[in-house]
Amino acid sequence: LTAVVPQRRPARRPCRHGAHGCRCDHTVAGARRHNLVCSRRVIPLTWTPVGAGSDGRRNADLIVAPHERLSWPRTIGLGAQHVVAMFGATFLVPVLTGFPPATTLLFSGIGTLLFLVITGNRLPSYLGSSFSVIAPVVAAVASHGSGSALGGLVAVGAVLILIGVAVHLAGTHWVDVVLPPVVTGAIVALIGFNLAPAAKSNFEKGPLVGLVTLVLLVGVLAFFRGLLGRLAIFLAVALGYVLALLLGDVDTAGIAAAAWVGLPHFQTPTFDLAVLPMFLPAVIALVAENIGHVKSVGQMTGVNTDPLTGRALAADGVATVLAGMGGGSATTTYGENIGVMAATRVYSTAAYWVAGIVAIALSLCPKVGAAISAIPPGVLGGATIVLYGLVGVLGIRIWMTNHVDLSLPINQMTAAVALIVGIADFTWRIGDLTFTGIALGSIAALLVYHGMRALGALRGRHPEDIPRDDIVG
């Protein structure tokens, strides 16, 4: 027997904020970092100016924390960069689903500002359009109209709020138990791969501009590093758009007729029980994306952001509900903007306030919305070959990051059944309810994993103890 010597934990400090039940990481040294961690702390909208030397230039090694900011001109410039970084992916979702781009842009900006408020202005993130809802929205619009799709988004946001409250009160352990990485990864992967036929359909409508867009996107990612690499989607779509204009593939009548200033088009949701099962898997994907992004921000800023996870989930849910009520798209925290922070080392939430305000201002220009709506299918096809594939690869990345052992039968069966059901797009109708491939694949992942664990427990052994030779491969 070997004695286990407990490691000495750093002494805890009493909470300076006097908040009852505060779930701070009190082992963090220094008040500067404590401001970022305390689950009850709110950073006021008066950021501490930093970074200006005697010559007015910023120190290249300086890290700007969320409660700090550069000079306002530099902060406004960084906010504009965040808008450009999210723009490429955010406007593609409404174009692909048939929603008004300007409306989606408006609720994206409003959602970002609400996210900052709900998280106490301590979690630098931008809320852009989520690709995880594209398949259910398209299916709902085709079967029951756009109002039912908006109702599905409201339901997604409401469930996300409930999960956020539960995580804030009880932590994320129960999420890991119900949705282990092998299940979450399989669901996220099948959401992306299920969309492959849609990418093919758009590509075939304009193969030349689609191929050029695809090559440009891959080329920009391969050739450029840092900020330009993060703008690959925007640059590829913009250049593909220009090529389509030169070839006469863009209908510019709507752009010419659109006004320069005006409100976007709003639409109210309708609630149809038949379409709700289609949207449930999107909740799982949004939970995985938000938790992953919160942890990424924590790793970059060097603080424990886990106490903010519940607030982040609830905030994304509020933004999605609001978008669904007005005709926008579901939102999620964006990895593109996390990439901008990694490149600039500026984590100031002030830049995201600027980004949200700029997005709202752009949404009030109908000509911008008309120009986005006129993007030809070929350009969309070229871009979505990469984007839908990346959603699928994100699921595989979840497996790799969490060291999922795919030689274990329980993991093999969970992934194999779910992926085939989802990619083949199985459909099952029970009365008025319709379960599409994504919903059935997600249900299959949950049933196979937890079913195998339960059967293993009944036999007196854990499913992971089954010899690997019992399964092919």
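Residues: numbered from 1 along the sequence shown. Side-chain atoms are counted along with the backbone in the values below, which use heavy atoms only and exclude waters and symmetry mates. Small disclaimer: the values here were computed from a predicted structure and weren't measured.
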Exercise. side-chain contact (heavy atoms from CB on, under 4.5 Å) between H82 and Y352: does it pass, once the steps are laid out?
Worked result: CA-CA 7 Å; H82 281 296; Y352 285 95; 3.1 Å; yes
Check: [Y] and [X] side chains under 4.5 Å, non-hydrogen atoms:
X	Y	answer
K295	D306	yes
P180	V177	no
I134	Y388	yes
L127	D316	yes
V297	M341	yes
L387	L92	yes
N290	T309	no
T349	L123	no

Can you see whether [X] engages [Y] through a side-chain donor-acceptor pair at a distance of less than 3.5 angstrom?
X	Y	value
N121	W353	yes
E289	T333	no
T104	S329	yes
Y126	S108	yes
W47	T75	no

For this session: Please lay out, stage by stage, how V220 and L235 fare under the test side-chain contact (heavy atoms from CB on, under 4.5 Å).
Result: CA-CA 8 Å; V220 171; L235 294 174; 4.2 Å; yes
Heavy-atom pair with the smallest gap, counting every atom of [X] and [Y]:
X	Y	answer
S201	K205	O-CG, 3.4 Å
A155	L276	CB-CD2, 3.9 Å
A285	S132	CB-CB, 3.7 Å
L313	I163	CD1-CG2, 4.2 Å
P66	P124	CG-CD, 4.1 Å
L195	A135	CD2-CB, 3.7 Å

Gap between atom [atom2] of [Y] and atom [atom1] of [X] - 0.5 Å precision:
X	Y	atom1	atom2	value
L78	R69	CG	CZ	12.0 Å
L150	T268	CG	OG1	8.0 Å
L263	H265	CG	NE2	12.0 Å
L153	T331	CG	OG1	9.5 Å
I372	L362	CD1	CG	8.0 Å
Q299	N304	CD	CG	11.0 Å

Closer than 3.5 angstrom, by distance alone: can the side chain of [X] be matched with the main-chain N or O of [Y] as a donor-acceptor pair?
X	Y	result
R122	T119	yes
T90	F87	no
D251	A253	yes
W399	V404	no
Q267	G327	no
S348	E68	yes
Y241	A371	yes
S363	I360	yes
R311	I118	yes

Problem set entry | W428, CH2 atom: more than 12 neighbouring heavy atoms under 6.0 Å |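 No.
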For this session: Using a cut-off of 6.0 Å, state whether more than 12 heavy atoms not belonging to M325 lie near its atom CE.
Result: no
Problem set entry | Test side-chain contact (heavy atoms from CB on, under 4.5 Å) applied to N194 and T436, step by step | CA-CA 10 Å; N194 176 270; T436 60; over 6 Å; no
For this session: Go through L114 and F107 one step at a time and tell me if the side-chain contact (heavy atoms from CB on, under 4.5 Å) criterion holds.
Result: CA-CA 10 Å; L114 286 174; F107 286 111; over 6 Å; no
Exercise. So among F99, F91, Y334, which one has a side chain to side chain contact (heavy atoms under 4.5 Å, CB included) with S129?
Worked result: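 By the side chain to side chain contact (heavy atoms under 4.5 Å, CB included) criterion, S129 pairs with just one of F99, F91, Y334: Y334.
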